[in-house]
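In what follows, chains carry the letters A, B, and so on, assigned in the order in which the sequence lines appear, proteins first and then strands, with residues in each chain numbered from 1.
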Amino acid sequence: MLLRLPSKHIIQAFQRKLLSWYFLHGRKFPWREIQLDPYRAIIAEILLQRTKAETVSKVYLEFLRKFPSWKSIVDTDIKQLESVLTPLGLYRQRARGLKALAEKMIDTKGILPQNRDELMQLPMMGQYLANAVELVLWNKPSPLLDVNMARLLERYFKKRKLADIRHDPYLQKLSSAIVNTPNALEMNWAVLDFAALVCKAVKPECEICILNEDCKYYKNSVKDK
DNA sequence: TTCCAGCACT
DNA sequence: AGTGCAGGAA
């Protein structure tokens, strides 16, 4: 399978523009303020699944106040867990999953498996969350490859072949190349924020977009007029 | 009505 | 590969 990535020059220009945008317009969230411990980092990512970051920011600190540790989740009634999660949606699945994950974590005395394959055996631990653990806790340049990052990359470069982001080798490779920088954490946040605020799913702000002159999606939209 | 820092189950 | 989950905002 031939997978040709964009040239180093193209990727560097893309990274530079996004980072300079990020330092002016990037979003601030509680889970970005400090170096998080594994518990807080994983909780943040689970709350963020299929949920707008702005919505999560209203609940995140309250969740940590009520459930400050894996143990507190094991000890609580699932209904208590659900009631905190209700404003976010997906609350039954998340409550059940968090319970299962917390029980595993207590089994291992709070120690995460140190390799990716074992990590992904944990409840709720899919490809996205495993990447987040690598990025945030293990300092690896892994991509937070979600619908936002996928949308931006697909518009700017080219569309994926497979329906599922997680199984598309092109998006995997491309996103890894994009965030493979000394400051992978900020590079990831830059992509996510830019995709959420400018390269939006509905009504993208192409006219003010700093990437538009090289963007395949924008060029096509102009051509269509 | 669509969309959102996905995952588990079929 | 397809689908359910789910409340809230645009």
If you assign A:A44 and A:D164 each to the DNA chain B nucleotide with the nearest heavy atom, which residue ends up on the more 5' nucleotide? A:A44
Any idea which of [options] is nearest the [X] side chain?
X: A:W31; options: B:dA8, B:dC4, B:dA5; result: B:dA5
X: A:P87; options: C:dG8, C:dA6, B:dG6; result: C:dG8
X: A:T86; options: C:dG7, B:dA5, B:dG6; result: C:dG7
X: A:W189; options: B:dC4, C:dA9, B:dA5; result: B:dA5
X: A:A201; options: B:dC4, B:dC7, B:dA5; result: B:dC4
X: A:Q93; options: C:dA6, B:dA8, B:dA5; result: C:dA6

In whole Å, what is the span from the [atom1] atom of [X] to the [atom2] atom of [N]?
X: A:E186; N: B:dA5; atom1: CD; atom2: P; result: 20 Å
X: A:Y128; N: B:dA5; atom1: OH; atom2: P; result: 9 Å
X: A:M124; N: B:dC7; atom1: CE; atom2: C1'; result: 7 Å
X: A:E82; N: C:dC5; atom1: CD; atom2: P; result: 14 Å
X: A:E54; N: B:dA5; atom1: CD; atom2: P; result: 7 Å
X: A:Q121; N: B:dC7; atom1: CD; atom2: C1'; result: 14 Å
X: A:L192; N: B:dA5; atom1: CG; atom2: P; result: 8 Å
X: A:L197; N: B:dC4; atom1: CG; atom2: C1'; result: 13 Å

Over all strands shown, is [X] touching base, sugar-phosphate only, or nothing at heavy-atom distances under 4.0 angstrom?
X: A:M149; answer: nothing
X: A:L129; answer: sugar-phosphate
X: A:Y91; answer: sugar-phosphate
X: A:L144; answer: nothing
X: A:Q127; answer: sugar-phosphate
X: A:R96; answer: nothing
X: A:V147; answer: sugar-phosphate

Can a donor-acceptor pair under 3.5 Å be found between the side-chain atoms of A:R94 and the base atoms of C:dA6? no
If you compare all heavy atoms of A:V84 against all heavy atoms of A:V59, which two are closest, and at what distance to 0.1 Å? O-CG1, 3.7 Å
Of all the heavy-atom pairs spanning A:L174 and A:P6, show the shortest one and how long it is. CD1-CD, 3.7 Å
Compute the ring centroids of A:F157 and A:F14, then answer whether they are less than 6.0 Å apart. yes
On the nucleotide C:dG4, are OP1 or OP2 found under 4.0 Å from the side-chain N or O atoms that A:R92 carries? no
At under 4.0 Å, does any side-chain N or O of A:K58 touch on OP1 or OP2 of C:dG7? no
Using the P atom on both, measure B:dA5 against C:dA1 and round to a whole Å. 25 Å
In whole Å, what separates the P atom of B:dT10 from that of C:dA6? 16 Å
Could you state whether A:I42 and A:I34 fall into the same hydrophobic cluster, counting links through intermediate Ile, Leu, Val, Met, Phe, Trp or Tyr residues with side-chain heavy atoms under 4.5 angstrom apart? yes
Do A:I78 and A:I43 share a hydrophobic cluster (ILVMFWY, side-chain heavy atoms under 4.5 Å, transitive)? no
Please report the interatomic distance CE(A:M125) to CG(A:L112), rounded to the nearest 0.5 Å. 6.0 Å
Tell me which one of A:W21, A:Y22, A:F23 satisfies ring pair (Phe, Tyr, Trp, His ring centres under 6.0 Å) with A:F194. A:W21
